[in-house]
Each structure stands twice: as C-alpha cells, then as structure tokens.
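One structure below.
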Amino acid sequence: MQEERKKEIIGRTVLVDLPRLGFAGIRAKTDTGAYYCSLHCHFINVKIEDGKRVLCFNLLDPSHPEYQDKAIFYRRKFIVKQIKNSFGDIESRFLIRTAIRIRNRRIRAWISLTDRGNMKFPMLLGSRLLRNKFVVDVSLKEPKTT
C-alpha cells in the first residue's frame, strides 16, 4: 500500500513558482470556492505553427510590478472550458496543464488563463490543487516577496 503524504498547512496567501513558464515568486491566494487555479494573463490567443495549434499569452500585464514583456508559446496540450467567474458569469477560458511549486512541493495542475488585472492577487489556487495536499489556515501570514 502506498504511503499517504501528510497534508501541509498553508496560509490564505502563498508564494508559488511556475517553473515550466519561467516565473517564480508569484503571490497566490488560496480559494477553496474555486475548482481550478487561475492565472492573470493578457494577449491570450491561438496561433498555428507547422499545422499545430499553439497557445500564446503574456503573464501578468504591463501595470504589474513583476511583469516581463515576454510572450509564452505553450505547445503542449491545452483545452477550452466554460468556467463561472467570481461574478457568476460563464466565460470560455483556456486551461493549461503545468507544474506549480508551492514551498518544496511540485504539483502538476490545470490552470485557467484569465484577466485578473482588477484583482489583488495575480493567481488563485483552487480546490482541485489543494485537495488532499494542503490544509488552509487563514490566520497564517506568508511573505509578500521572495
């Protein structure tokens, strides 16, 4: 029988890395009411390269202090899903499957790409990622930067 890994306690906010996307130290908010993780992106579009669909996007936006004016060309599998946003409206979003590092733990997760420019945190960690891995203690304070 496989040994079950102990659930780690994290706070309401946590610093995360997205190693495959070349981004580290993103402030994320845990959101147990959301199913998927979501990430603030802009200029999200699909291009055709060598007959294959490639998802292109920029992480964050120019108004964000950690913005890097660098397009990401995601050549792996991605999907489009209908997702209810925080206002209760249904919107189509691209979802990518990539690695997220939270503290010393690396997890593969589906992340929806969306414009979170008006939100305080550029990333949300949803219940699908948190389930069976983390317990959220809202009284814990995480560092603001790395």
Side-chain angles (χ1 to χ4, degrees), residues 7-146:
K7 294 177 188 174
E8 188 172 353
I9 298 172
I10 60 174
R12 187 177 68 89
T13 64
V14 66
L15 290 175
V16 302
D17 299 332
L18 300 169
R20 286 191 185 156
L21 303 180
F23 213 73
I26 298 174
R27 288 186 64 215
K29 178 182 173 186
T30 57
D31 184 353
T32 59
Y35 186 66
Y36 292 107
C37 297
S38 64
L39 178 63
H40 177 44
C41 296
H42 74 289
F43 298 135
I44 306 166
N45 60 68
V46 176
K47 295 183 179 185
I48 305 296
E49 287 183 358
D50 299 325
K52 295 184 180 177
R53 294 173 8 128
V54 176
L55 184 61
C56 305
F57 57 93
N58 286 57
L59 289 175
L60 309 174
D61 66 53
S63 68
H64 196 280
E66 296 170 31
Y67 174 72
Q68 301 167 5
D69 189 15
K70 179 178 85 174
I72 293 174
F73 297 89
Y74 190 83
R75 291 177 173 82
R76 296 175 182 261
K77 180 183 176 187
F78 60 89
I79 59 176
V80 178
K81 268 209 164 304
Q82 301 298 108
I83 295 179
K84 191 181 292 188
N85 66 20
S86 58
F87 302 109
D89 300 324
I90 302 291
E91 56 187 29
S92 291
R93 290 190 192 171
F94 290 102
L95 275 84
I96 62 171
R97 187 156 170 87
T98 192
I100 298 176
R101 185 176 300 122
I102 302 173
R103 297 191 181 142
N104 292 322
R105 194 161 184 180
R106 186 178 169 122
I107 304 160
R108 286 178 28 108
W110 284 101
I111 301 174
S112 74
L113 308 180
T114 188
D115 182 353
R116 294 184 48 78
N118 295 330
M119 306 296 182
K120 185 175 180 180
F121 296 91
M123 187 167 190
L124 288 181
L125 302 178
S127 62
R128 184 173 178 170
L129 174 117
L130 299 169
R131 184 182 36 226
N132 298 324
K133 297 172 192 75
F134 299 99
V135 174
V136 179
D137 181 346
V138 296
S139 67
L140 290 179
K141 301 257 185 195
E142 291 283 331
K144 291 189 178 184
T145 58
T146 53

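Just so it is clear, the structure is predicted and the values come from calculations on it, not from any experiment.
- Residue pairs meeting the ring pair (Phe, Tyr, Trp, His ring centres under 6.0 Å) criterion with at least one member in residues 38-57, sequence neighbours excluded, are His42-Tyr67.
- Closest non-hydrogen pair, Cys37 versus Gly126, comes out as SG-N, 3.6 Å.
- Within the model, atoms CD1 of Ile111 and CG of Leu129 stand 8.0 Å from one another, a figure rounded to the nearest 0.5 Å.
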Between side-chain atoms of residues 46-54 and protein atoms elsewhere (two or more places apart, or another chain), which donor-acceptor pairs fall under 3.5 Å?
| from | atom 1 | to | atom 2 | distance (Å) |
| --- | --- | --- | --- | --- |
| Glu49 | OE1 | Arg75 | NE | 3.4 |
| Glu49 | OE1 | Arg75 | NH2 | 2.9 |

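- The heavy-atom pair separating Arg116 from Leu124 by the smallest distance is NH1-CD1, 3.4 Å.
- Within the structure, salt bridge (charged side-chain N to carboxylate O under 4.0 Å, His left out) pairs that include any residue of residues 77-98 comprise Glu91-Arg93 (at least two apart or interchain).
- Ile96 contributes atom CD1, which lies 7.0 Å from atom SG of Cys41 (distance to the nearest 0.5 angstrom).
- In this structure the side chain of Leu130 reaches within 4.5 angstrom of the side chain of Ile10, judged on heavy atoms.
- The main-chain N or O of Ala109 is never found under 3.5 Å from a side-chain atom of Arg128 such that the two would form a donor-acceptor pair.
- Counting only distance, with no hydrogens or angles, the side chain of Asp31 and the backbone of Leu125 share no donor-acceptor pair below 3.5 Å.
- For the atom pair CE (Met123) and CG (Leu59), the distance works out to 9.5 Å, reported to the nearest 0.5 Å.
- Residues Phe73 and Cys56 share a closest heavy-atom pair of CD2-SG, 3.3 Å.
- Residues Leu95 and Trp110 approach most closely at O-CZ3, 3.6 Å, considering heavy atoms.
- Considering only heavy atoms from C-beta on, Tyr36 stays 4.5 Å or farther from Thr114 through its side chain.
- Atom CG of Leu60 sits about 11.0 Å away from atom CG of Asp115, to the nearest 0.5 Å.
- Each of Leu21, Leu113, Leu55 was checked for a side-chain contact (heavy atoms from CB on, under 4.5 Å) with Ile72, and the lone residue meeting it is Leu21.
- Asp61 places a side-chain N or O within 3.5 Å of a backbone atom of Ser63 that can act as its donor or acceptor partner.
- Using a 4.5 Å heavy-atom threshold, the side chains of Leu15 and Arg27 count as touching.
- By the 4.0 Å N-to-carboxylate-O rule, Arg105 lies too far from Glu8 to be salt-bridged with it.
- A donor-acceptor contact shorter than 3.5 Å is absent between the side chain of Thr30 and the backbone of Thr13.
- In this structure, CZ on Phe23 lies 10.0 Å from CG on Asp17, to the nearest 0.5 angstrom.
- Distance check, rounded to the nearest 0.5 Å: CZ of Arg101 to CZ of Arg20 gives 11.0 Å.
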> Taking it one step at a time, do Leu18 and Ile100 satisfy side-chain contact (heavy atoms from CB on, under 4.5 Å)?
Replying inline: CA-CA 5 Å; Leu18 300 169; Ile100 298 176; 3.6 Å; yes
>> Run Asp69 and Asn58 through side-chain contact (heavy atoms from CB on, under 4.5 Å) and show every step you take.
In response: CA-CA 7 Å; Asp69 189 15; Asn58 286 57; 3.8 Å; yes
